[in-house]
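For clarity, every value in this text was computed on a predicted model and none was experimentally measured. We name chains A, B, ... by the order of the sequence lines, and we start the count at 1 in each one. Values below: all heavy atoms of this structure, side chains included; hydrogens, waters and symmetry mates excluded.
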Protein chains: 2
Amino acid sequence: MKKKQTSPNISKNFMDHNHDLCFESALKDFKQHFIEKELKLTPLRLKVFQLLLKDHRPLGAYQILDLLRKDGFSSTPPIAYRVLDFLIEHGFVHKIKKLNAFVACSHPGNSHSPTFMICRKCEKVAEINEKESGLKFNKETSSEFKIEEAIIELIGICKNCTKIEVI
Amino acid sequence: MKKKQTSPNISKNFMDHNHDLCFESALKDFKQHFIEKELKLTPLRLKVFQLLLKDHRPLGAYQILDLLRKDGFSSTPPIAYRVLDFLIEHGFVHKIKKLNAFVACSHPGNSHSPTFMICRKCEKVAEINEKESGLKFNKETSSEFKIEEAIIELIGICKNCTKIEVI
DNA sequence: TTAGTAATGTTATAATATAACATTGACTTA
DNA sequence: TAAGTCAATGTTATATTATAACATTACTAA
């Protein structure tokens with residue numbers, strides 16, 4: 001019975017880290033999944049995902065459109081929403097309801113009901129999976145109601161901002 | 001060590017029940033809290049709360065406006081949003097992010113981070129409190145991130161609709 | 001009575017999201 | 001290769017949700 005899951009830092013996103021590495025690794029995974037699932041990786045899809053990988057801060061649809069425009073892409077609302085729908089459907093992106101905004105998924109490939117931690121100070125978001133959150137519902141709940149999807153968004157202050165914070 | 005909490009039916013809202021009783025009891029609580037907190041119970045506030053008590057189904061702001069109009073109230077968007085903001089602030093109403101809609105609170109008076117069960121079939125919503133949900137986050141999560149607010153919305157099928165459902 | 005204030009009323013507009021239809025381009029297959 | 005098909009993108013218009021800013025009312029209190 002070894003503990004295999006190290007998952008050393010569930011909130012790496014909030015802390016200093018080598019983000020270039022983080023970015024490249026996520027992008028590599030992303031591309032790999034497109035190959036495995038035989039999906040078409042178009043310039044637009046790639047671009048939107050790259051935008052969302054920038055700094056662990058969620059982007060609104062209209063922010064994405066502005067960035068697309070700057071890069072010479074078409075930028076009417078359906079452009080963003082369609083690509084986002086596609087990326088969400090295939091598990092590459094999640095929507096944060098609290099913010100009406102979108103983030104790149106940290107655990108792509110497996111369909112899951114992610115839990116988000118949203119720092120109201122630095123506005124970064126970290127995704128933790130079920131195992132990491134330790135989240136469970138009691139027997140009664142699950143016998144009374146068949147859960148198909150769970151939206152869980154924790155709003156608060158991240159470790160890094162706590163260090164800095166006065167009030 | 002007695003089990004005190006009976007909480008016999010966490011999802012009463014989904015099942016047949018004496019809703020007149022349910023309605024009146026909630027309304028009585030509501031009025032009582034206004035007295036205790038020395039808040040002003042205006043016709044508009046009362047009306048909106050009554051609308052939200054109707055059948056355990058959330059109402060959107062514009063649905064509320066339509067209903068207000070029918071009852072001779074003014075019905076431009078700020079009317080609804082202001083009253084809803086007030087009722088939310090004082091813990092009488094919650095917003096369901098998944099639906100951009102509003103429900104009357106089932107446990108008014110205590111500030112809390114409610115968990116909602118949303119039936120995608122009958123569209124009713126039930127609120128369960130922390131104790132009932134049995135929901136906990138693990139040590140790691142709470143040491144890494146100071147949770148101030150939790151949005152938890154479970155989407156699925158209620159017991160009543162399961163009985164009925166074919167597929 | 002008048003000044004202050006909370007609540008409501010009103011107008012306009014912001015922010016988020018989707019419907020519906022057109023065009024493009026890649027791929028198939030006859 | 002021409003015609004057909006289909007997924008992706010482009011475009012126009014509009015729906016839905018929410019807020020800003022200022023006006024009026026009606027109660028309170030000096």
Can you check the [X] [atom1] to [N] [atom2] distance for me, whole Å?
{"X": "B/L65", "N": "C/dT8", "atom1": "CG", "atom2": "P", "value": "14 Å"}
{"X": "A/D85", "N": "C/dA17", "atom1": "CG", "atom2": "P", "value": "10 Å"}
{"X": "A/Y81", "N": "D/dA15", "atom1": "OH", "atom2": "P", "value": "16 Å"}
{"X": "A/N100", "N": "C/dT18", "atom1": "CG", "atom2": "P", "value": "10 Å"}
{"X": "A/F73", "N": "D/dT11", "atom1": "CZ", "atom2": "C1'", "value": "18 Å"}
{"X": "A/K40", "N": "C/dT24", "atom1": "NZ", "atom2": "P", "value": "16 Å"}
{"X": "A/I96", "N": "C/dT16", "atom1": "CD1", "atom2": "P", "value": "15 Å"}
{"X": "A/D66", "N": "C/dT16", "atom1": "CG", "atom2": "P", "value": "11 Å"}

Quick check for you: among [options], whose closest atom lies nearest to any side-chain atom of [X]?
{"X": "B/P78", "options": "D/dG10, D/dT17, D/dA20", "answer": "D/dA20"}
{"X": "B/I79", "options": "D/dA18, C/dT8, D/dA13", "answer": "C/dT8"}
{"X": "B/R45", "options": "C/dA20, C/dA17, C/dA7", "answer": "C/dA7"}
{"X": "B/V83", "options": "C/dT8, C/dT18, C/dA12", "answer": "C/dT8"}
{"X": "B/T42", "options": "D/dT11, C/dT8, D/dA8", "answer": "C/dT8"}
{"X": "A/R82", "options": "C/dT16, D/dC22, D/dT11", "answer": "D/dT11"}
{"X": "B/K95", "options": "D/dA18, C/dT18, D/dA8", "answer": "D/dA18"}

So which of B/V125, B/L51, B/L84, B/L87 actually passes side chain to side chain contact (heavy atoms under 4.5 Å, CB included) with B/F102?
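Result: among B/V125, B/L51, B/L84, B/L87, B/L84 is the only option passing the side chain to side chain contact (heavy atoms under 4.5 Å, CB included) with B/F102.
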If only atom types and distance count, is the side chain of B/E127 paired as donor or acceptor with the main-chain N or O of B/P114 below 3.5 Å?
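Judged by distance alone, no pair lies under 3.5 Å.
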So does A/A150 get a backbone contact from the side chain of A/S113, meaning a donor-acceptor N/O pair under 3.5 Å?
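Yes: the side chain of A/S113 pairs with the backbone of A/A150.
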Just to be sure I understand the rule, does B/T76 reach a base, reach only the sugar-phosphate, or reach nothing, if contact means heavy atoms closer than 4.0 Å?
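Counting heavy atoms under 4.0 Å across all strands, the contact made by B/T76 includes a base.
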Considering only heavy atoms and no angle criterion, is a donor-acceptor pair shorter than 3.5 Å present between the side chain of B/Y62 and the base of D/dA18?
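Per atom types, the contact qualifies.
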Which label fits B/F34 and B/F86: parallel for a plane angle under 30°, tilted from 30 to 60°, or perpendicular past 60°?
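Correct class here is tilted.
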Below 30° counts as parallel, above 60° as perpendicular, anything between as tilted: where do the rings of B/H56 and B/H19 land?
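Rings of B/H56 and B/H19: perpendicular, over 60°.
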